[in-house]
Amino acid sequence: MAVQSWRDSLKSSKKTALIHDGKRKIHYLFADGKEMAEEYDLKTDELIARRWRHKSTLGAQGQWQVEVGEPLPTPVASFECDAIQENCSNPVFMRKDTKSSFQWRIRNLPYSKDVFSVCVEPSERCIIIKTSNKKYYKKFNIPDLDRSRLPFDCSALSFTHANNTLIYKKPEEILTLEQELLKVIKKVKDTAGPDGDCKTQ
């Protein structure tokens with residue numbers, strides 16, 4: 001089963017832990033060279049951030065890609081170079097999970113609820129958010145479901161306008177997997193030495 005395959009992949013990965021600033025930071029190195037970095041709140045055990053990094057076809061380290069949490073800050077362009085920068089008032093789409101659900105939020109999109117439309121494309125395994133005034137369109141998938149090859153349940157999806165929040169209830173298989181993983185990562189000792197280097201377990 002795919003859930004078991006992803007579970008085995010997580011358990012067999014090389015894990016490094018660092019506890020700092022109220023967060024448990026875990027770095028995973030998988031057999032295929034992919035890396036995943038997660039941050040958990042020490043008090044609540046909630047996932048704060050998840051990032052992925054893949055090697056290029058030539059073996060060079062790629063950039064970190066955010067799956068969960070705040071987008072990575074873009075480097076500030078110097079005055080000497082003519083760099084084009086994204087407007088800070090543009091909509092910001094981000095994922096911020098809770099223990100029971102996947103959640104996505106959109107900042108800087110000040111439209112009323114009746115302007116928004118949320119639909120599901122089960123055949124493409126994706127969700128589409130769009131506005132009737134054609135100011136916003138976003139198509140995205142749920143990597144957790146794809147990794148575990150779980151079916152897409154349209155009834156698990158809900159939308160609240162209070163914080164422009166889209167909510168998808170986590171399936172039981174994901175909840176079980178996350179609880180098992182939490183037990184594993186809590187056993188990974190904080191291996192930061194006095195010089196700040198981490199040893200891989």
Euclidean distance, [Y] [atom2] relative to [X] [atom1], rounded to 0.5 Å:
X	Y	atom1	atom2	result
Leu181	Ile174	CG	CD1	11.0 Å
Cys126	Lys138	SG	NZ	11.5 Å
Arg53	Gln61	CZ	CD	4.0 Å
Arg149	Arg125	CZ	CZ	10.0 Å
Glu70	Met94	CD	CE	4.0 Å
Glu67	Asp97	CD	CG	8.5 Å

So, Asn133 side chain and Lys135 main chain: donor-acceptor pair closer than 3.5 Å or not?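 Yes, because the side chain of Asn133 sits within donor-acceptor range (under 3.5 Å) of the backbone of Lys135.
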
Main-chain N/O of Val92 paired to Asn108 side chain as donor or acceptor, under 3.5 Å: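 No, Asn108 side chain to Val92 backbone: no donor-acceptor pair under 3.5 Å.
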
Least distance between heavy atoms, [X] atom then [Y] atom:
X	Y	result
Phe159	Leu166	CB-CD1, 4.0 Å
Pro71	Val66	CA-CG2, 4.3 Å
Ile185	Tyr28	CG2-OH, 3.3 Å
Asp32	Lys34	OD1-N, 3.1 Å
Leu175	Ser100	CD2-CA, 4.2 Å
Phe140	Ile129	CE2-CD1, 3.7 Å

Is the number of heavy atoms from other residues, nucleotides or ligands within 6.0 Å of NE2 (His20) greater than 12?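 Open: at most 12 neighbouring heavy atoms sit under 6.0 Å from NE2 of His20.
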
For the residue pair [X] and [Y], establish whether any side-chain heavy-atom pair is separated by less than 4.5 Å.
X	Y	value
Ser148	Leu177	yes
Ile106	Tyr111	no
Thr165	Ile167	yes
Gln63	Gln65	yes
Asp153	Tyr168	yes
Ile127	Val118	yes

Before giving the answer on side-chain contact (heavy atoms from CB on, under 4.5 Å), spell out for Asp144 and Arg50 the whole-Å C-alpha distance, their side-chain angles and the decisive distance to 0.1 Å. CA-CA 11 Å; Asp144 307 68; Arg50 178 184 293 138; 3.2 Å; yes

Treat each ILVMFWY residue as a node, draw an edge where side-chain heavy atoms are under 4.5 Å apart, and state whether [X] and [Y] are in one component.
X	Y	value
Leu10	Ile48	no
Leu47	Leu182	yes
Phe30	Val68	yes

If you measure from the Lys or Arg side-chain nitrogens to the Asp or Glu carboxylate oxygens, is any gap between [X] and [Y] under 4.0 Å?
X	Y	value
Lys15	Glu38	no
Asp45	Lys186	yes
Lys139	Glu124	yes
Glu39	Arg51	yes

Please find out if less than 6.0 Å separates the ring center of Phe93 from that of Tyr136.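 Aromatic pair excluded; centres sit 6.0 Å or further apart.
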
Glu35 vs Trp64, side-chain contact (heavy atoms from CB on, under 4.5 Å): CA-CA, chis, key distance, verdict: CA-CA 9 Å; Glu35 295 174 79; Trp64 284 101; 3.9 Å; yes

Audit row: Glu180, Lys11, side-chain contact (heavy atoms from CB on, under 4.5 Å) steps and yes/no: CA-CA 10 Å; Glu180 287 177 17; Lys11 287 184 178 177; 4.0 Å; yes

